[in-house]
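Scope of the values below: all heavy atoms of this structure, side chains included, with no hydrogens, waters or symmetry mates.
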Amino acid sequence: MQPQITVVGLGTGDPNQLTLGVWRKLESTGTTGGALYLRTKEHPMVSMLDHHGLRYETFDAVYEANEAFDTVYETIASTLIARAKTPGAGEVLYAVPGHPMVAERTVQLLRERCPAEGVLLGFMGGESFLDQAFLRLGFDPIEGFQLLDGTSLQASCLNPQLHTLIGQVYDVYTASDVKLTLMELYPDDYPVTVGHSLGVTGEERVREVPLYELDRVEGYGNLSLVWVPRTDRDDVRSRTFSRLHEIVHILRSPEGCPWDREQTHKSLRKNLIEEAYEVLETIDDDDPDHMCEELGDLLLQIMLHSQIEAEAGSFTVFDVIQELNEKLIRRHPHVFGSMQAEDADEALSNWQQIKDEEKRRKGINPDEQSVLSGVPRDLPGLMKAYKLQKKAAGVGFDWSALEEVLPIVESELAEVKEAIERFGKAEQQEEIGDLLFAVVNLARFLKVDPEEAMADANRKFFDRFSYIESQLRLKGKTFDQTDLQEMESLWQEAKKVLKK
């Protein structure tokens, strides 16, 4: 006889809602030579089993012996399969709260493992806590509904336009975790409902509270859940990516904004660059509030470019996200795979090897590419010079010591002076470029980022010149009413006052 496990649902806890078929199955266990196992004794229907003298074993000791739920569930599944395969064991009956196919990880493990173990697996349904939730809380799931696990809740799973039921909220600690996750999307005072033992006469309790009080509600246990009603409130939907995607689509639609509709990749090009630099400015200013705003403006540029391509049928923003996710996982095998990386240098080495392999799959031989390839054409000049020099230095094309670099800078400066005296603008521009390139090389040897150094110099100039303007205003003067000598005096004063 083939080993057999039958999973039955004990329902929500109201004896009147237990199906006749399940009850007869439970009663027959002692007469068929089989065994009855309960996932837990902590369920209202167990008192009915005790009243009728039904014999059973529970897995509560497994819960007490293990801290991780995954270990508990694996142990339960393994025990049931081993018991069913014991010679002469008869049918193993496994009773779970509610319905076998709702929020029962052990049942899913049995479904995965029983076929390979040669164990026949059967099911008899019971009333799910979802049935009572729909009845007691009074919402229609046809409006949109999702069921989530409170022990592993993530903000990325939340959709405010769906009714959300959160199960497995066993205690105040789980409720606290649920609260903090919900607060990433919903306002602190958003109304949520806690339900304990729904449908169980004398034990049912339903209470609506503002979100911030979720972990202050008493009575959490195995039969507790949280309901977050669906909403179309702007202040909630505005915190979702789907709303951003929808807004950009509307702006580009025939009924949208005339300016947004006219934009192309080329017309938006400068906006993308400017928004990136505005983000950098907030980083330099250590201004998180402003950074939040500017990162949003930069994200808008990505959304607009993606929407333009979506309209052309090339790709959507979801393709962008997919490609990025896959690339991040592929290029971090030391995080998502079996490779090791003890430090940042080893991680970068892995990254480069994977990039080279990706090129080969595209028909590009990295060995035939220039060492200087991969440096974006439109980078700012100082940054591009720095990257080109660094790549060349990587294959040995570099000065060996700082003492060799300084004379090059001095030589290039002399050539600039000569060009000023003897040549025209084209030659002067060329020599100025050579001088700047040499200065970048000097910065690299000193381990100074030339772009950052230039940014600091620009900021210093801006602050000192602003000081000159403010002092002139205090004197009631304009630039037309002063001279270079006075401005130079104020400049030297600014150097002392600002200490930069």
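Checked for salt-bridge contact, Glu74 and Arg113 meet the test: a charged N lies under 4.0 Å from a carboxylate O. Checked for salt-bridge contact, Arg105 and Glu112 meet the test: a charged N lies under 4.0 Å from a carboxylate O. Taking 4.0 Å as the cut-off between side-chain N and carboxylate O, Lys25 and Glu91 count as a salt-bridged pair. By the 4.0 Å N-to-carboxylate-O rule, Glu204 lies close enough to Arg136 to be salt-bridged with it. Taking 4.0 Å as the cut-off between side-chain N and carboxylate O, Lys327 and Glu358 do not count as a salt-bridged pair.
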Atom pairs and distances, donor-acceptor, side-chain atoms in residues 240-248, under 3.5 Å, two or more places apart:
| residue | atom | partner | partner atom | Å |
| --- | --- | --- | --- | --- |
| Thr240 | OG1 | Arg237 | O | 2.7 |
| Thr240 | OG1 | Ser242 | OG | 3.2 |
| Thr240 | OG1 | Arg243 | N | 3.3 |
| Arg243 | NH1 | Glu246 | OE1 | 3.0 |
| Glu246 | OE1 | Arg237 | NH2 | 2.6 |

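When atom types are taken as modelled, the side chain of Lys384 and the backbone of Arg377 share a donor-acceptor pair closer than 3.5 angstrom. Between the side chain of Tyr190 and the backbone N or O of Met183, no donor-acceptor pair lies under 3.5 Å.
For Asp284, the side chain to side chain contact (heavy atoms under 4.5 Å, CB included) partners are Arg459, not counting sequence neighbours. Looking at residues two or more places apart in sequence or on another chain, you find a salt bridge (Lys or Arg N to Asp or Glu O under 4.0 Å) between Arg269 and Asp378.
Within a 6.0 Å sphere centred on NE2 of His249, other residues, nucleotides and ligands contribute 12 heavy atoms or fewer. Around CD of Glu218, the count of heavy atoms belonging to other residues, nucleotides or ligands within 6.0 Å does not exceed 12.
For the 3.5 Å distance criterion, the side chains of Thr106 and Tyr94 qualify, holding a donor opposite an acceptor. Glu27 and His52 form no side-chain donor-acceptor contact under 3.5 Å, judged by distance and modelled atom types alone. When only modelled atom types and interatomic distance are considered, Gln352 and Asp356 share a side-chain donor-acceptor pair under 3.5 Å.
Between Tyr170 and Tyr220, the distance separating the two ring centers is not shorter than 6.0 angstrom.
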